[in-house]
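Here is how names work: the chains are called A, B, and so on, in the same order as the sequence lines, proteins then strands, and each is numbered from 1. Because only heavy atoms are used, hydrogens play no part in the values below, and waters and symmetry mates are left out as well, while side chains stay in.
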Protein chains: 2
Amino acid sequence: MAGNGGNSSRRPTIYDLAQIAGSSPSAVSSILNGTWKKRRISSRTAEKVMKIAAEQGYAVNLQASMLRRERSHIIGMIVPKYDNRYFGAIAEKFEEMARARDLFPVVTCTQRDPELEFEAARELVSYQAETLVVTGATDPDRIAEFCAAAGVRTINLDLPGSKAPSVLSDNFGGARDLTRLIITRTKQDFGAVPPLWFIGGRSHDHNTMERLRGFRIAHQEAGLTLSEDRILMPGYSPDNAFAALEGREFTQSCGIFVNSTISMEGVVRWLTGNVAMDRVRLGCFDWDPFAALLPQNVGMAEQDVPAMLARLFQIVSSAEGNPSDRIELPCILRPLSPQRGFI
Amino acid sequence: MAGNGGNSSRRPTIYDLAQIAGSSPSAVSSILNGTWKKRRISSRTAEKVMKIAAEQGYAVNLQASMLRRERSHIIGMIVPKYDNRYFGAIAEKFEEMARARDLFPVVTCTQRDPELEFEAARELVSYQAETLVVTGATDPDRIAEFCAAAGVRTINLDLPGSKAPSVLSDNFGGARDLTRLIITRTKQDFGAVPPLWFIGGRSHDHNTMERLRGFRIAHQEAGLTLSEDRILMPGYSPDNAFAALEGREFTQSCGIFVNSTISMEGVVRWLTGNVAMDRVRLGCFDWDPFAALLPQNVGMAEQDVPAMLARLFQIVSSAEGNPSDRIELPCILRPLSPQRGFI
DNA sequence: CATGCACGCTCAATCGATTTAGCAACATTG
DNA sequence: CAATGTTGCTAAATCGATTGAGCGTGCATG
């Protein structure tokens, strides 16, 4: 039966509780924040106050508490989107691990908009976040610089920057392995292997460039010359991938490297209406359980989110992370067999 | 070139800026929060202070600001998971719409854990959130009661409660329509239609009950007797759905109503190893673009997230929402054709 | 009986920004 | 020249919780 007993609708403060308990605000404060034994408050008083606090529906005002204390325990994260499993897993795991360390996670989604990324970072700094994790940001260095001036630590995740330590996937290795797999399967199923298509991502994006590098190397290894006009980097949205494919002809059997599940949506939508499906083999960077069931999908490169966040929190906990640190973690290649049965 | 010019590493405050500018903290405060014209500060002073603030990398301390002001502009949301498109879309749209209304959204993910749901709510109240949106909570009324005592408005989303206005889908109608579709397609493809399976969700969960009601009605309409042992409600995780199916035999052609995409993952994983796939037709509550490509999938009931959030923010903006309000919005039925080609 | 100490508490300053009240200087008006 | 108004600012209280310093009481000890 929580309730403030019919008096004002304002939230009760320690002063209200002190008055009701016939005690002092400082006693009430220490009782409610657990330091009362250290301050030699009797358990009789403590119990009385805690009972009253519960009756009044008291909840500490963290605004006031944090203003006075030196630490906020807030750890912020900006994340581009929640529309795929990769970022969903990052956000979820981040919150879980932050809580496990008695930190208060605040995650905010910035829609891949550079301005919003910066504004959100500024907001989190104003909120007294002690650490800011910058995930997949367009311009992480701008944010790192601003945060450094404000005395807030930043760590880059997914996309690296040069002004704060970065934790990311081995995009090169993951893409190379995935490309190898696509080539092998295409050869296996069709005999001949024309150069693969590369679809999705942005040409100034570090991860896209690294994946493209892995893609090239795997072509070289296989003795294939890749054709530059099959490299399409229109951004990450399904619509962009779809649009980039409009008007193209897939006349022969071929393999496609899809750079993110979100681009995959557009690719599949386009292919659905345009190509004989049995003449295509796909591989996709990032993991999605349903995308894995597409029979044309020969494999996915899953980024190791738990490992990435484990490293991230190692940096958070440790004294220092060097701005030049760049930690790359291997991807998990998930080959998919055509016999998986759900066709 | 933000930076505090080599002096202490502490964040600069309005007092620091005032000292540098040879002005007073109150002038600095009003200049930085935009009320300076009203307070008749000269533009000469204002420009000087703003220049210094930029140089020093000043960012307002919202903890202090909000403590003093009456309003925090924070709107909190708790959400169970980020592992599916439905909740991902909710979180994303919520943040977008909150920002458009000059509110500061704080979303936190509670893993379908009732204790965590309550703790997160308590934390958001302590953060002085003015409104709390309780999404898909196990026990929304407990949270609503606590928040009411603390003077914080709550609105339920997705799962209804009795102590705060609720915005949700017409789960009954959506499930009825989806069941009709599954029955039709099963009949069309196989001739005979045995009672459908119902898989996923929790038996005490309002939405699951409503969907089951729609499921029953559609059976009645079609003159089918449904069999209770085909109703499996082991929760929402893929593993639970998988486990619930273990040991069962799907001897004849059949249709399956899957209660959420997340359960769908488990169902599909199980079916993949166990049943002749061409003897199954599925329908799934909630939308997922890749799940939509499964050839056995005859349709999905998409919840209308933009409409739900539009209604939600209507309540947020309006003076009052009645605790007994329960707004149900129609789902969008997305029938899928077997000719969609991606087989 | 004076001294010391443990106990159980209270006082008051403090965190950083906001805001009401008001002051000093100057200009304008009657 | 006095009264009044305008301009451009400052002083100080305030939001709610925290915390170092300190106070009064009771009991044990020498």
To the nearest angstrom, how far is [X] atom [atom1] from [N] atom [atom2]?
X: A:Lys48; N: C:dG8; atom1: NZ; atom2: P; answer: 14 Å
X: B:Lys37; N: D:dG8; atom1: NZ; atom2: P; answer: 13 Å
X: B:Ile31; N: C:dA17; atom1: CD1; atom2: P; answer: 14 Å
X: A:Leu17; N: D:dT18; atom1: CG; atom2: P; answer: 12 Å
X: B:Arg40; N: D:dG5; atom1: CZ; atom2: P; answer: 13 Å
X: B:Ile41; N: C:dT19; atom1: CD1; atom2: P; answer: 14 Å

Near B:Gln19 CD, under 6.0 Å, is it more than 12 heavy atoms from other residues, nucleotides or ligands?
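Open: at most 12 neighbouring heavy atoms sit under 6.0 Å from CD of B:Gln19.
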
Report yes if at least one side-chain N or O of B:Ser30 is closer than 4.0 Å to OP1 or OP2 of C:dT19; otherwise report no.
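No, no such contact exists.
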
Looking at B:Glu130 and B:Arg153, is there a salt bridge between them, counting it only when a charged N and a carboxylate O are closer than 4.0 Å?
no

Summary of protein contacts for nucleotides 11-17 of chain D, nucleotide by nucleotide, where a base hit scores B, a sugar-phosphate-only hit scores S (4.0 Å, heavy atoms)
B-BBBBB

Check against salt bridge (charged side-chain N to carboxylate O under 4.0 Å, His left out), A:Lys51 and A:Glu47:
CA-CA 6 Å; A:Lys51 183 161 154 287; A:Glu47 274 159 35; over 6 Å; no

What is the nucleic acid contact for A:Thr35, judged by heavy atoms within less than 4.0 Å: base, sugar-phosphate only, or nothing?
nothing

Using the closest heavy atom to pick a nucleotide of DNA chain C for each, name whichever of B:Met66 or A:Ser42 lands nearer the 5' end.
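Mapping each residue to its closest nucleotide by heavy atoms, the 5'-most match is A:Ser42.
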
For DNA chain D, produce a single dot-bracket line, 5' to 3'. Pairs: Watson-Crick or G-U wobble, both distances under 3.5 Å. Symbols: ( ) within strand, [ ] crossing, | other strand, . unpaired.
||||||||||||||||||||||||||||||

Less than 4.5 Å apart, any side-chain heavy atom of B:Gln56 and any of B:Asp16?
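Side-chain contact under 4.5 Å: no.
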
Got a list of side-chain donor-acceptor pairs under 3.5 Å for residues 100-109 of chain A, not counting sequence neighbours?
from: A:Arg101; atom 1: NH1; to: A:Met97; atom 2: O; distance (Å): 3.0
from: A:Thr108; atom 1: OG1; to: B:Glu95; atom 2: OE1; distance (Å): 3.2
from: A:Thr108; atom 1: OG1; to: B:Arg99; atom 2: NH2; distance (Å): 2.4

Does A:Arg112 make a cation-pi contact with A:Tyr236, if we ask for NZ or CZ under 6.0 Å from the ring centre and within 45° of the axis?
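That pair qualifies as a cation-pi contact.
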
Between A:Phe87 and A:Tyr82, is the gap from one ring center to the other below 6.0 Å?
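Aromatic pair excluded; centres sit 6.0 Å or further apart.
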
Testing the 3.5 Å rule here: is there a donor-acceptor pair between the side chains of A:Asp141 and A:Ser162?
yes

Go through B:Arg142 and B:Glu145 one step at a time and tell me if the salt bridge (charged side-chain N to carboxylate O under 4.0 Å, His left out) criterion holds.
CA-CA 5 Å; B:Arg142 184 170 162 223; B:Glu145 218 165 308; over 6 Å; no

